[in-house]
Number of protein chains: 2
Amino acid sequence: MVVMVTKTKRAERRTDALSKERIVEAAIEILDTDGESALTFRALAARLATGSGALYHHVASKNDLLTAATEEVITGVMTGLAPGDEPRAAIQAIALGVFDAIDAHPWVGTQLAQEPWQFAVLPVLEGFGQQLQALGVLGPAQFDCASALLNYILGLAGQYAAGVRLLAGVTDRTAFLATVADRWADLDPARFPFLRQAAPQLPAHDDREQFLAGIDLILAGITATSGSRRSSAR
Amino acid sequence: MVVMVTKTKRAERRTDALSKERIVEAAIEILDTDGESALTFRALAARLATGSGALYHHVASKNDLLTAATEEVITGVMTGLAPGDEPRAAIQAIALGVFDAIDAHPWVGTQLAQEPWQFAVLPVLEGFGQQLQALGVLGPAQFDCASALLNYILGLAGQYAAGVRLLAGVTDRTAFLATVADRWADLDPARFPFLRQAAPQLPAHDDREQFLAGIDLILAGITATSGSRRSSAR
DNA sequence: GATGATGTTGGAACAACGTTCCAAAAGGTT
DNA sequence: AACCTTTTGGAACGTTGTTCCAACATCATC
(Lines give C-alpha, C1' and ligand atoms only; values in the text may rest on other atoms or scores of the structure.)
Protein backbone atom coordinates (compact mmCIF):
# COMPACT_ATOMS: atom_id res chain seq x y z
CA MET A 1 0.00 0.00 0.00
CA VAL A 2 2.73 2.40 0.98
CA VAL A 3 4.98 1.14 -1.74
CA MET A 4 2.87 2.72 -4.43
CA VAL A 5 4.01 6.20 -3.46
CA THR A 6 7.62 5.77 -4.29
CA LYS A 7 8.73 7.52 -7.41
CA THR A 8 7.24 9.14 -10.45
CA LYS A 9 5.88 11.95 -8.32
CA ARG A 10 6.09 14.07 -11.40
CA ALA A 11 3.21 12.29 -13.03
CA GLU A 12 0.97 12.18 -9.99
CA ARG A 13 1.80 15.43 -8.28
CA ARG A 14 -0.85 17.39 -10.00
CA THR A 15 -3.78 15.66 -11.57
CA ASP A 16 -4.46 18.75 -13.64
CA ALA A 17 -0.93 18.92 -15.01
CA LEU A 18 -0.73 19.99 -18.61
CA SER A 19 0.61 17.64 -21.24
CA LYS A 20 0.41 17.31 -24.99
CA GLU A 21 -1.91 14.33 -24.64
CA ARG A 22 -4.31 16.21 -22.41
CA ILE A 23 -4.28 19.21 -24.72
CA VAL A 24 -4.91 17.09 -27.81
CA GLU A 25 -7.70 15.27 -26.00
CA ALA A 26 -9.38 18.54 -25.05
CA ALA A 27 -8.93 19.83 -28.60
CA ILE A 28 -10.66 16.75 -30.01
CA GLU A 29 -13.55 17.26 -27.61
CA ILE A 30 -14.00 20.85 -28.73
CA LEU A 31 -13.72 19.88 -32.40
CA ASP A 32 -16.27 17.10 -32.03
CA THR A 33 -18.84 19.01 -30.01
CA ASP A 34 -18.58 22.57 -31.34
CA GLY A 35 -16.97 22.23 -34.76
CA GLU A 36 -13.70 23.25 -36.29
CA SER A 37 -14.27 26.98 -36.03
CA ALA A 38 -14.70 26.67 -32.26
CA LEU A 39 -11.17 25.45 -31.71
CA THR A 40 -9.17 28.50 -30.65
CA PHE A 41 -6.31 28.71 -28.22
CA ARG A 42 -8.45 30.88 -25.99
CA ALA A 43 -11.29 28.37 -25.90
CA LEU A 44 -8.81 25.58 -25.34
CA ALA A 45 -7.13 27.48 -22.51
CA ALA A 46 -10.49 28.20 -20.94
CA ARG A 47 -11.50 24.54 -21.05
CA LEU A 48 -8.21 23.49 -19.48
CA ALA A 49 -8.36 26.38 -16.98
CA THR A 50 -5.03 27.84 -18.00
CA GLY A 51 -3.60 30.51 -20.27
CA SER A 52 -2.77 30.47 -23.93
CA GLY A 53 0.94 30.80 -23.24
CA ALA A 54 1.05 27.62 -21.19
CA LEU A 55 -0.29 25.66 -24.13
CA TYR A 56 2.62 26.73 -26.27
CA HIS A 57 5.02 24.92 -23.97
CA HIS A 58 3.50 21.63 -25.10
CA VAL A 59 2.24 22.42 -28.59
CA ALA A 60 4.28 24.21 -31.23
CA SER A 61 1.40 25.76 -33.15
CA LYS A 62 -2.21 25.27 -34.08
CA ASN A 63 -1.11 23.25 -37.07
CA ASP A 64 0.88 21.00 -34.77
CA LEU A 65 -2.18 20.56 -32.61
CA LEU A 66 -4.45 19.67 -35.52
CA THR A 67 -1.85 17.30 -36.92
CA ALA A 68 -1.55 15.51 -33.60
CA ALA A 69 -5.32 15.27 -33.25
CA THR A 70 -5.69 13.85 -36.74
CA GLU A 71 -2.89 11.39 -36.12
CA GLU A 72 -4.60 10.21 -32.96
CA VAL A 73 -7.83 9.45 -34.79
CA ILE A 74 -6.23 7.80 -37.82
CA THR A 75 -3.85 5.58 -35.85
CA GLY A 76 -6.87 4.55 -33.81
CA VAL A 77 -8.55 3.49 -37.03
CA MET A 78 -5.59 1.60 -38.44
CA THR A 79 -4.78 -0.31 -35.27
CA GLY A 80 -8.38 -1.42 -34.89
CA LEU A 81 -8.35 -3.41 -38.11
CA ALA A 82 -8.58 -7.17 -38.11
CA PRO A 83 -5.53 -8.60 -39.88
CA GLY A 84 -5.35 -11.60 -42.15
CA ASP A 85 -8.21 -10.69 -44.41
CA GLU A 86 -8.41 -11.29 -48.08
CA PRO A 87 -6.67 -8.34 -49.84
CA ARG A 88 -9.79 -6.91 -51.44
CA ALA A 89 -11.71 -7.10 -48.18
CA ALA A 90 -8.78 -5.60 -46.30
CA ILE A 91 -8.68 -2.62 -48.65
CA GLN A 92 -12.40 -2.11 -48.20
CA ALA A 93 -11.95 -2.35 -44.44
CA ILE A 94 -9.26 0.31 -44.42
CA ALA A 95 -11.33 2.61 -46.60
CA LEU A 96 -14.45 2.12 -44.50
CA GLY A 97 -12.46 2.73 -41.35
CA VAL A 98 -11.30 6.09 -42.61
CA PHE A 99 -14.78 6.91 -43.85
CA ASP A 100 -16.36 6.14 -40.50
CA ALA A 101 -13.69 8.13 -38.69
CA ILE A 102 -14.46 11.14 -40.85
CA ASP A 103 -18.16 10.58 -40.28
CA ALA A 104 -17.58 10.65 -36.53
CA HIS A 105 -15.03 13.50 -36.69
CA PRO A 106 -15.68 15.63 -39.78
CA TRP A 107 -12.74 17.90 -38.97
CA VAL A 108 -10.46 14.95 -39.77
CA GLY A 109 -11.75 15.16 -43.33
CA THR A 110 -10.82 18.81 -43.54
CA GLN A 111 -7.41 18.11 -42.14
CA LEU A 112 -6.67 15.17 -44.46
CA ALA A 113 -7.88 17.01 -47.54
CA GLN A 114 -5.93 20.11 -46.66
CA GLU A 115 -2.64 18.61 -45.50
CA PRO A 116 -2.29 15.28 -47.34
CA TRP A 117 1.44 15.11 -46.77
CA GLN A 118 1.13 14.85 -43.01
CA PHE A 119 2.10 11.67 -41.23
CA ALA A 120 -1.46 10.49 -40.66
CA VAL A 121 -1.98 9.48 -44.29
CA LEU A 122 1.10 7.28 -44.39
CA PRO A 123 -0.38 4.31 -42.51
CA VAL A 124 -3.35 4.39 -44.86
CA LEU A 125 -1.18 4.49 -47.96
CA GLU A 126 1.02 1.77 -46.50
CA GLY A 127 -1.99 -0.42 -45.82
CA PHE A 128 -3.22 -0.03 -49.38
CA GLY A 129 0.22 -0.78 -50.78
CA GLN A 130 0.65 -3.94 -48.76
CA GLN A 131 -2.71 -5.31 -49.82
CA LEU A 132 -2.10 -4.45 -53.45
CA GLN A 133 1.16 -6.32 -53.24
CA ALA A 134 -0.75 -9.27 -51.83
CA LEU A 135 -3.20 -8.90 -54.70
CA GLY A 136 -0.39 -9.43 -57.17
CA VAL A 137 -0.15 -5.91 -58.55
CA LEU A 138 3.31 -5.43 -59.92
CA GLY A 139 5.99 -2.76 -59.74
CA PRO A 140 5.11 0.88 -60.29
CA ALA A 141 1.45 0.01 -60.73
CA GLN A 142 1.36 -0.67 -56.98
CA PHE A 143 2.03 2.94 -56.23
CA ASP A 144 -0.34 4.19 -58.91
CA CYS A 145 -3.16 2.08 -57.53
CA ALA A 146 -2.50 2.91 -53.90
CA SER A 147 -2.30 6.57 -54.78
CA ALA A 148 -5.57 6.39 -56.70
CA LEU A 149 -7.34 4.81 -53.75
CA LEU A 150 -5.88 7.39 -51.39
CA ASN A 151 -6.80 10.33 -53.62
CA TYR A 152 -10.34 9.08 -53.94
CA ILE A 153 -10.65 8.90 -50.16
CA LEU A 154 -9.06 12.30 -49.64
CA GLY A 155 -11.41 13.85 -52.15
CA LEU A 156 -14.42 12.39 -50.46
CA ALA A 157 -13.02 13.44 -47.11
CA GLY A 158 -12.99 17.05 -48.17
CA GLN A 159 -16.43 16.81 -49.69
CA TYR A 160 -17.95 15.20 -46.63
CA ALA A 161 -16.32 17.66 -44.25
CA ALA A 162 -17.45 20.59 -46.35
CA GLY A 163 -20.99 19.26 -46.25
CA VAL A 164 -20.94 19.11 -42.49
CA ARG A 165 -19.48 22.61 -42.37
CA LEU A 166 -22.31 23.90 -44.52
CA LEU A 167 -24.88 22.25 -42.31
CA ALA A 168 -23.55 24.15 -39.28
CA GLY A 169 -25.91 22.80 -36.71
CA VAL A 170 -28.44 20.96 -38.83
CA THR A 171 -27.99 17.34 -37.90
CA ASP A 172 -29.97 15.99 -40.78
CA ARG A 173 -27.72 15.23 -43.69
CA THR A 174 -30.66 14.22 -45.84
CA ALA A 175 -32.07 17.71 -45.52
CA PHE A 176 -28.77 19.14 -46.69
CA LEU A 177 -28.67 16.86 -49.70
CA ALA A 178 -32.27 17.77 -50.48
CA THR A 179 -31.25 21.43 -50.58
CA VAL A 180 -28.42 20.61 -52.97
CA ALA A 181 -30.80 18.53 -55.09
CA ASP A 182 -33.21 21.46 -55.31
CA ARG A 183 -30.43 23.69 -56.56
CA TRP A 184 -29.42 21.09 -59.14
CA ALA A 185 -32.99 20.73 -60.32
CA ASP A 186 -33.11 24.48 -60.99
CA LEU A 187 -30.06 24.43 -63.26
CA ASP A 188 -30.21 25.33 -66.93
CA PRO A 189 -31.60 22.25 -68.71
CA ALA A 190 -29.51 22.96 -71.78
CA ARG A 191 -26.21 23.03 -69.95
CA PHE A 192 -26.84 20.55 -67.12
CA PRO A 193 -29.07 17.71 -68.33
CA PHE A 194 -27.18 15.06 -66.41
CA LEU A 195 -27.24 16.83 -63.04
CA ARG A 196 -30.93 17.67 -63.40
CA GLN A 197 -31.63 14.04 -64.06
CA ALA A 198 -29.39 12.87 -61.22
CA ALA A 199 -30.80 15.34 -58.67
CA PRO A 200 -33.72 13.19 -57.46
CA GLN A 201 -31.49 10.32 -56.39
CA LEU A 202 -29.26 12.65 -54.40
CA PRO A 203 -31.23 12.92 -51.13
CA ALA A 204 -32.09 9.24 -51.08
CA HIS A 205 -28.63 7.83 -51.59
CA ASP A 206 -26.47 6.39 -48.86
CA ASP A 207 -23.13 8.14 -48.56
CA ARG A 208 -21.41 5.10 -47.20
CA GLU A 209 -22.79 2.89 -49.92
CA GLN A 210 -21.75 5.25 -52.67
CA PHE A 211 -18.32 5.55 -51.12
CA LEU A 212 -17.92 1.79 -51.23
CA ALA A 213 -19.15 1.76 -54.81
CA GLY A 214 -16.28 4.05 -55.73
CA ILE A 215 -13.77 1.81 -53.96
CA ASP A 216 -15.17 -1.22 -55.76
CA LEU A 217 -14.90 0.65 -59.04
CA ILE A 218 -11.22 1.31 -58.51
CA LEU A 219 -10.65 -2.25 -57.35
CA ALA A 220 -12.36 -3.52 -60.48
CA GLY A 221 -10.09 -1.31 -62.53
CA ILE A 222 -7.06 -2.66 -60.74
CA THR A 223 -8.17 -6.20 -61.37
CA ALA A 224 -8.89 -5.47 -65.01
CA THR A 225 -5.63 -3.71 -65.84
CA SER A 226 -3.10 -5.50 -63.67
CA GLY A 227 -3.94 -9.01 -64.69
CA SER A 228 -2.07 -10.93 -67.37
CA ARG A 229 -4.22 -9.54 -70.16
CA ARG A 230 -4.55 -5.84 -70.79
CA SER A 231 -8.13 -4.92 -71.60
CA SER A 232 -7.50 -2.11 -74.08
CA ALA A 233 -10.99 -0.96 -74.97
CA ARG A 234 -10.03 0.76 -78.13
CA MET B 1 -42.25 61.55 -54.92
CA VAL B 2 -43.34 58.18 -56.11
CA VAL B 3 -41.12 58.20 -59.14
CA MET B 4 -38.55 55.54 -58.54
CA VAL B 5 -38.41 53.44 -61.61
CA THR B 6 -35.07 51.74 -62.00
CA LYS B 7 -33.82 52.05 -65.52
CA THR B 8 -30.87 49.73 -64.88
CA LYS B 9 -28.47 52.00 -66.66
CA ARG B 10 -25.34 50.56 -65.20
CA ALA B 11 -23.19 52.09 -67.85
CA GLU B 12 -19.45 52.42 -67.62
CA ARG B 13 -18.88 55.48 -65.51
CA ARG B 14 -15.15 55.57 -65.21
CA THR B 15 -12.47 53.54 -66.79
CA ASP B 16 -10.93 52.82 -63.41
CA ALA B 17 -14.31 52.11 -61.81
CA LEU B 18 -14.44 49.20 -59.43
CA SER B 19 -16.37 46.12 -60.43
CA LYS B 20 -16.55 42.53 -59.35
CA GLU B 21 -14.75 41.43 -62.50
CA ARG B 22 -11.87 43.81 -61.92
CA ILE B 23 -11.60 42.77 -58.27
CA VAL B 24 -11.63 39.07 -59.13
CA GLU B 25 -9.04 39.64 -61.83
CA ALA B 26 -6.73 41.42 -59.40
CA ALA B 27 -7.30 38.69 -56.81
CA ILE B 28 -6.27 36.02 -59.32
CA GLU B 29 -3.11 37.96 -60.12
CA ILE B 30 -2.17 38.15 -56.44
CA LEU B 31 -2.96 34.46 -55.91
CA ASP B 32 -0.91 33.41 -58.90
CA THR B 33 2.14 35.54 -58.23
CA ASP B 34 2.36 35.62 -54.43
CA GLY B 35 0.38 32.60 -53.26
CA GLU B 36 -2.82 32.09 -51.32
CA SER B 37 -1.57 33.59 -48.09
CA ALA B 38 -0.82 36.87 -49.84
CA LEU B 39 -4.44 37.50 -50.74
CA THR B 40 -5.76 39.89 -48.11
CA PHE B 41 -8.29 42.63 -48.51
CA ARG B 42 -5.59 45.13 -47.65
CA ALA B 43 -3.23 43.87 -50.32
CA LEU B 44 -6.11 43.76 -52.76
CA ALA B 45 -7.15 47.31 -51.90
CA ALA B 46 -3.57 48.50 -52.27
CA ARG B 47 -3.23 46.91 -55.69
CA LEU B 48 -6.50 48.49 -56.83
CA ALA B 49 -5.60 51.80 -55.16
CA THR B 50 -8.70 51.91 -53.03
CA GLY B 51 -9.89 51.02 -49.54
CA SER B 52 -11.07 47.75 -48.09
CA GLY B 53 -14.57 49.08 -47.55
CA ALA B 54 -15.04 49.85 -51.24
CA LEU B 55 -14.35 46.23 -52.11
CA TYR B 56 -17.22 45.08 -49.94
CA HIS B 57 -19.66 46.92 -52.18
CA HIS B 58 -18.87 44.47 -54.95
CA VAL B 59 -17.83 41.34 -53.08
CA ALA B 60 -19.78 39.88 -50.17
CA SER B 61 -16.87 38.22 -48.38
CA LYS B 62 -13.52 36.65 -48.93
CA ASN B 63 -15.23 33.35 -49.54
CA ASP B 64 -17.35 34.97 -52.22
CA LEU B 65 -14.20 36.33 -53.81
CA LEU B 66 -12.42 32.96 -53.80
CA THR B 67 -15.50 31.23 -55.16
CA ALA B 68 -15.77 33.70 -58.01
CA ALA B 69 -12.07 33.35 -58.82
CA THR B 70 -12.30 29.56 -58.86
CA GLU B 71 -15.40 29.70 -61.03
CA GLU B 72 -13.58 31.92 -63.49
CA VAL B 73 -10.73 29.46 -63.87
CA ILE B 74 -12.88 26.33 -64.08
CA THR B 75 -15.38 27.71 -66.59
CA GLY B 76 -12.38 28.73 -68.65
CA VAL B 77 -11.23 25.13 -68.61
CA MET B 78 -14.58 23.63 -69.48
CA THR B 79 -15.38 25.98 -72.34
CA GLY B 80 -11.99 25.37 -73.92
CA LEU B 81 -12.66 21.71 -74.53
CA ALA B 82 -13.06 20.34 -78.01
CA PRO B 83 -16.47 18.64 -78.30
CA GLY B 84 -17.35 15.54 -80.21
CA ASP B 85 -14.64 13.34 -78.83
CA GLU B 86 -14.91 9.70 -78.02
CA PRO B 87 -16.32 9.43 -74.46
CA ARG B 88 -13.20 7.97 -72.88
CA ALA B 89 -10.99 10.58 -74.49
CA ALA B 90 -13.43 13.31 -73.50
CA ILE B 91 -13.28 12.25 -69.86
CA GLN B 92 -9.51 12.26 -69.96
CA ALA B 93 -9.59 15.69 -71.57
CA ILE B 94 -11.80 17.09 -68.82
CA ALA B 95 -9.62 15.58 -66.11
CA LEU B 96 -6.43 16.83 -67.70
CA GLY B 97 -7.95 20.27 -68.12
CA VAL B 98 -8.69 20.49 -64.42
CA PHE B 99 -5.26 19.10 -63.58
CA ASP B 100 -3.49 21.66 -65.75
CA ALA B 101 -5.59 24.45 -64.30
CA ILE B 102 -4.56 23.42 -60.79
CA ASP B 103 -0.98 23.16 -61.94
CA ALA B 104 -1.14 26.72 -63.23
CA HIS B 105 -3.19 28.01 -60.27
CA PRO B 106 -2.53 25.84 -57.21
CA TRP B 107 -4.96 27.86 -55.09
CA VAL B 108 -7.75 26.43 -57.25
CA GLY B 109 -6.84 23.03 -55.85
CA THR B 110 -7.15 24.28 -52.32
CA GLN B 111 -10.47 25.87 -53.10
CA LEU B 112 -11.93 22.81 -54.84
CA ALA B 113 -10.77 20.43 -52.13
CA GLN B 114 -12.09 22.68 -49.39
CA GLU B 115 -15.43 23.74 -50.87
CA PRO B 116 -16.49 20.92 -53.19
CA TRP B 117 -20.14 21.97 -53.16
CA GLN B 118 -19.49 25.27 -54.87
CA PHE B 119 -20.77 25.91 -58.34
CA ALA B 120 -17.40 25.44 -60.03
CA VAL B 121 -17.43 21.66 -59.65
CA LEU B 122 -20.82 21.26 -61.29
CA PRO B 123 -19.66 21.69 -64.88
CA VAL B 124 -16.97 19.10 -64.25
CA LEU B 125 -19.43 16.62 -62.77
CA GLU B 126 -21.86 17.33 -65.57
CA GLY B 127 -19.19 16.69 -68.17
CA PHE B 128 -18.31 13.35 -66.61
CA GLY B 129 -21.96 12.36 -66.38
CA GLN B 130 -22.66 13.14 -70.01
CA GLN B 131 -19.69 11.14 -71.23
CA LEU B 132 -20.56 8.21 -69.01
CA GLN B 133 -24.03 8.25 -70.44
CA ALA B 134 -22.48 8.19 -73.90
CA LEU B 135 -20.32 5.28 -72.75
CA GLY B 136 -23.44 3.31 -72.00
CA VAL B 137 -23.25 3.33 -68.21
CA LEU B 138 -26.73 2.82 -66.89
CA GLY B 139 -28.90 4.41 -64.20
CA PRO B 140 -27.51 5.04 -60.74
CA ALA B 141 -24.10 3.72 -61.77
CA GLN B 142 -23.71 6.89 -63.82
CA PHE B 143 -23.71 9.00 -60.71
CA ASP B 144 -21.48 6.60 -58.79
CA CYS B 145 -18.90 6.65 -61.56
CA ALA B 146 -19.03 10.41 -62.11
CA SER B 147 -18.72 10.94 -58.39
CA ALA B 148 -15.74 8.58 -58.18
CA LEU B 149 -13.95 10.44 -60.94
CA LEU B 150 -14.70 13.77 -59.30
CA ASN B 151 -13.58 12.64 -55.87
CA TYR B 152 -10.34 11.34 -57.28
CA ILE B 153 -9.66 14.68 -58.91
CA LEU B 154 -10.61 16.64 -55.80
CA GLY B 155 -8.30 14.52 -53.67
CA LEU B 156 -5.42 15.06 -55.99
CA ALA B 157 -6.28 18.75 -56.16
CA GLY B 158 -5.82 19.08 -52.42
CA GLN B 159 -2.66 17.04 -52.45
CA TYR B 160 -1.10 19.03 -55.24
CA ALA B 161 -2.05 22.36 -53.72
CA ALA B 162 -0.68 21.31 -50.35
CA GLY B 163 2.58 20.35 -51.97
CA VAL B 164 2.90 23.76 -53.56
CA ARG B 165 2.04 25.37 -50.23
CA LEU B 166 4.81 23.43 -48.53
CA LEU B 167 7.28 24.44 -51.20
CA ALA B 168 6.66 28.13 -50.47
CA GLY B 169 9.03 29.61 -52.95
CA VAL B 170 10.97 26.58 -54.09
CA THR B 171 10.03 26.20 -57.71
CA ASP B 172 11.45 22.74 -58.08
CA ARG B 173 8.79 20.18 -57.42
CA THR B 174 11.25 17.35 -57.84
CA ALA B 175 13.27 18.68 -54.90
CA PHE B 176 10.13 18.66 -52.78
CA LEU B 177 9.34 15.09 -53.71
CA ALA B 178 12.91 14.11 -52.97
CA THR B 179 12.51 15.51 -49.46
CA VAL B 180 9.35 13.47 -48.98
CA ALA B 181 11.10 10.41 -50.36
CA ASP B 182 13.92 10.85 -47.84
CA ARG B 183 11.42 10.97 -45.02
CA TRP B 184 9.75 7.81 -46.32
CA ALA B 185 13.06 6.02 -46.57
CA ASP B 186 13.69 6.74 -42.89
CA LEU B 187 10.44 5.14 -41.74
CA ASP B 188 10.31 2.08 -39.53
CA PRO B 189 11.01 -0.91 -41.82
CA ALA B 190 8.73 -3.13 -39.77
CA ARG B 191 5.70 -0.88 -40.08
CA PHE B 192 6.23 0.72 -43.47
CA PRO B 193 7.83 -1.78 -45.86
CA PHE B 194 5.76 -0.66 -48.83
CA LEU B 195 6.47 3.05 -48.49
CA ARG B 196 10.19 2.44 -48.00
CA GLN B 197 10.23 0.41 -51.16
CA ALA B 198 8.15 2.97 -53.07
CA ALA B 199 10.19 5.96 -51.92
CA PRO B 200 12.86 5.83 -54.67
CA GLN B 201 10.32 6.14 -57.47
CA LEU B 202 8.70 9.17 -55.85
CA PRO B 203 11.02 11.95 -57.06
CA ALA B 204 11.29 10.52 -60.54
CA HIS B 205 7.62 10.11 -61.28
CA ASP B 206 5.59 12.45 -63.43
CA ASP B 207 2.61 13.90 -61.57
CA ARG B 208 0.59 14.33 -64.70
CA GLU B 209 1.29 10.81 -65.85
CA GLN B 210 0.35 9.30 -62.52
CA PHE B 211 -2.79 11.38 -62.47
CA LEU B 212 -3.79 9.99 -65.84
CA ALA B 213 -2.98 6.48 -64.65
CA GLY B 214 -5.55 6.93 -61.87
CA ILE B 215 -8.15 8.17 -64.32
CA ASP B 216 -7.47 5.19 -66.58
CA LEU B 217 -7.78 2.89 -63.61
CA ILE B 218 -11.24 4.21 -62.78
CA LEU B 219 -12.23 4.08 -66.44
CA ALA B 220 -11.10 0.48 -66.62
CA GLY B 221 -13.20 -0.27 -63.57
CA ILE B 222 -16.19 1.36 -65.18
CA THR B 223 -15.73 -0.64 -68.33
CA ALA B 224 -15.27 -3.84 -66.39
CA THR B 225 -18.32 -3.49 -64.16
CA SER B 226 -20.87 -1.71 -66.33
CA GLY B 227 -20.30 -2.94 -69.85
CA SER B 228 -22.34 -5.60 -71.55
CA ARG B 229 -19.50 -8.06 -71.17
CA ARG B 230 -18.31 -8.65 -67.69
CA SER B 231 -14.59 -9.24 -67.62
CA SER B 232 -14.49 -11.42 -64.57
CA ALA B 233 -10.79 -11.61 -63.84
CA ARG B 234 -11.19 -14.10 -61.11
C1' DG C 1 -27.80 75.42 -62.40
C1' DA C 2 -29.48 73.85 -57.88
C1' DT C 3 -31.29 69.96 -55.20
C1' DG C 4 -32.03 65.87 -53.18
C1' DA C 5 -31.75 60.75 -53.82
C1' DT C 6 -28.86 56.97 -54.63
C1' DG C 7 -25.14 54.58 -54.93
C1' DT C 8 -19.85 54.49 -54.50
C1' DT C 9 -15.49 55.30 -52.27
C1' DG C 10 -11.76 54.94 -48.87
C1' DG C 11 -9.97 54.93 -44.50
C1' DA C 12 -10.69 54.46 -39.56
C1' DA C 13 -12.30 51.34 -36.15
C1' DC C 14 -13.69 46.73 -34.18
C1' DA C 15 -13.49 42.06 -32.71
C1' DA C 16 -11.13 37.87 -33.03
C1' DC C 17 -7.34 35.20 -34.00
C1' DG C 18 -2.47 32.93 -33.60
C1' DT C 19 1.49 33.90 -31.47
C1' DT C 20 5.11 36.04 -28.42
C1' DC C 21 6.72 37.79 -24.15
C1' DC C 22 7.66 37.85 -19.40
C1' DA C 23 7.07 37.92 -14.45
C1' DA C 24 5.51 34.85 -11.09
C1' DA C 25 5.06 30.17 -9.31
C1' DA C 26 6.31 25.28 -8.79
C1' DG C 27 9.43 21.57 -8.66
C1' DG C 28 13.79 19.46 -8.21
C1' DT C 29 18.67 19.52 -6.71
C1' DT C 30 22.31 20.80 -3.90
C1' DA D 1 17.94 27.50 2.67
C1' DA D 2 19.47 28.82 -1.74
C1' DC D 3 19.62 28.02 -6.49
C1' DC D 4 18.27 26.67 -11.11
C1' DT D 5 15.09 24.81 -14.46
C1' DT D 6 10.65 24.09 -16.09
C1' DT D 7 5.85 25.31 -16.13
C1' DT D 8 2.19 28.50 -15.76
C1' DG D 9 -1.11 32.22 -17.05
C1' DG D 10 -2.25 36.51 -18.51
C1' DA D 11 -1.03 40.74 -20.95
C1' DA D 12 0.41 42.46 -25.26
C1' DC D 13 1.50 42.47 -30.39
C1' DG D 14 0.60 42.20 -35.16
C1' DT D 15 -2.56 40.67 -38.66
C1' DT D 16 -6.81 39.32 -40.38
C1' DG D 17 -11.91 39.71 -42.12
C1' DT D 18 -15.44 42.72 -41.56
C1' DT D 19 -18.27 46.87 -40.28
C1' DC D 20 -19.11 51.67 -39.99
C1' DC D 21 -19.51 56.18 -41.63
C1' DA D 22 -18.39 60.64 -43.47
C1' DA D 23 -17.07 62.42 -47.88
C1' DC D 24 -17.80 62.10 -52.81
C1' DA D 25 -19.73 61.23 -57.46
C1' DT D 26 -23.57 60.56 -60.44
C1' DC D 27 -28.05 61.38 -62.21
C1' DA D 28 -33.31 62.35 -62.50
C1' DT D 29 -35.95 66.05 -61.41
C1' DC D 30 -37.13 70.90 -60.19
Side-chain angles (χ1 to χ4, degrees), chain A residues 5-24 26-27 30-31 34-70 107 110-111 114-115 165 168, chain B residues 1-24 26-27 30-31 34-70 107 110-111 114-115 165 168:
Chain A
V5 199
T6 51
K7 284 197 173 180
T8 68
K9 293 166 65 178
R10 195 188 177 96
E12 307 175 14
R13 219 16 162 169
R14 303 182 38 170
T15 52
D16 64 329
L18 240 40
S19 71
K20 183 154 185 178
E21 292 86 47
R22 266 175 53 79
I23 293 176
V24 169
I30 292 179
L31 287 166
D34 301 330
E36 352 191 4
S37 62
L39 180 65
T40 68
F41 272 81
R42 284 167 177 82
L44 196 55
R47 172 177 274 254
L48 290 167
T50 181
S52 357
L55 299 176
Y56 276 87
H57 266 269
H58 303 271
V59 163
S61 66
K62 187 171 186 181
N63 235 318
D64 180 29
L65 179 60
L66 283 169
T67 300
T70 306
W107 51 272
T110 308
Q111 193 60 16
Q114 213 164 8
E115 304 286 343
R165 207 180 310 131
Chain B
M1 300 314 168
V2 206
V3 197
M4 46 186 65
V5 177
T6 60
K7 303 272 282 190
T8 68
K9 40 176 57 179
R10 294 286 165 77
E12 58 284 352
R13 321 215 309 188
R14 297 189 327 203
T15 53
D16 65 329
L18 239 42
S19 71
K20 184 154 184 176
E21 292 88 47
R22 265 175 53 81
I23 294 175
V24 168
I30 292 179
L31 287 166
D34 302 328
E36 352 190 4
S37 62
L39 180 65
T40 67
F41 271 83
R42 284 169 178 81
L44 196 55
R47 172 177 274 255
L48 291 167
T50 179
S52 359
L55 299 176
Y56 276 87
H57 267 268
H58 304 271
V59 163
S61 66
K62 187 172 185 180
N63 233 320
D64 180 28
L65 178 61
L66 283 169
T67 301
T70 306
W107 50 273
T110 309
Q111 193 59 17
Q114 213 164 8
E115 304 285 344
R165 209 181 308 131

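For the numbers below, each heavy atom of this structure counts, side chains included, while hydrogens, waters and symmetry mates do not. In what follows, every chain begins at residue 1, and chains take the letters A, B, ... in the order their sequences are listed.
Separating the NZ atom of B:Lys20 from the P atom of C:dT8 is a distance of 14 Å, rounded to the nearest angstrom. Counting to the nearest Å, the P atom of D:dA25 and the CG atom of B:Leu18 are 16 Å from each other. Summarising the geometry, the separation between CZ on A:Arg47 and P on D:dG9 is reported as 16 Å, rounded to the nearest angstrom. When the P atom of C:dA12 is taken as reference, atom CZ of B:Arg42 falls 11 Å away, rounded to whole Å. Atom CG in B:Leu44 sits roughly 13 Å away from atom P in D:dT16 (whole-Å rounding). Spacing between atom CZ of A:Phe41 and atom C1' of C:dT20 amounts to 12 Å, rounded to whole angstrom units.
Contact annotation for B:Leu48: no contact, since no heavy-atom pair falls under 4.0 Å across all strands.
Taking OG of A:Ser61 as the start and CG of A:Leu55 as the end, the distance is 12.0 Å to the nearest 0.5 Å.
Of the residues B:Thr110, B:Val59, B:Leu39, the one that meets the side chain to side chain contact (heavy atoms under 4.5 Å, CB included) test with B:Leu66 is B:Leu39.
A:Arg22 contributes no side-chain N or O that, together with a main-chain N or O of A:Leu48, makes up a donor-acceptor pair within less than 3.5 Å.
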Quiz item: Going through the checks in order, is the side chain to side chain contact (heavy atoms under 4.5 Å, CB included) test met by B:Glu115 and B:Thr67?
Solution: CA-CA 9 Å; B:Glu115 304 285 344; B:Thr67 301; 6.0 Å; no
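If you check residues 50-59 of chain A against DNA chain C, the residues with a heavy atom closer than 4.0 Å are A:Gly53, A:Tyr56, listed by number.
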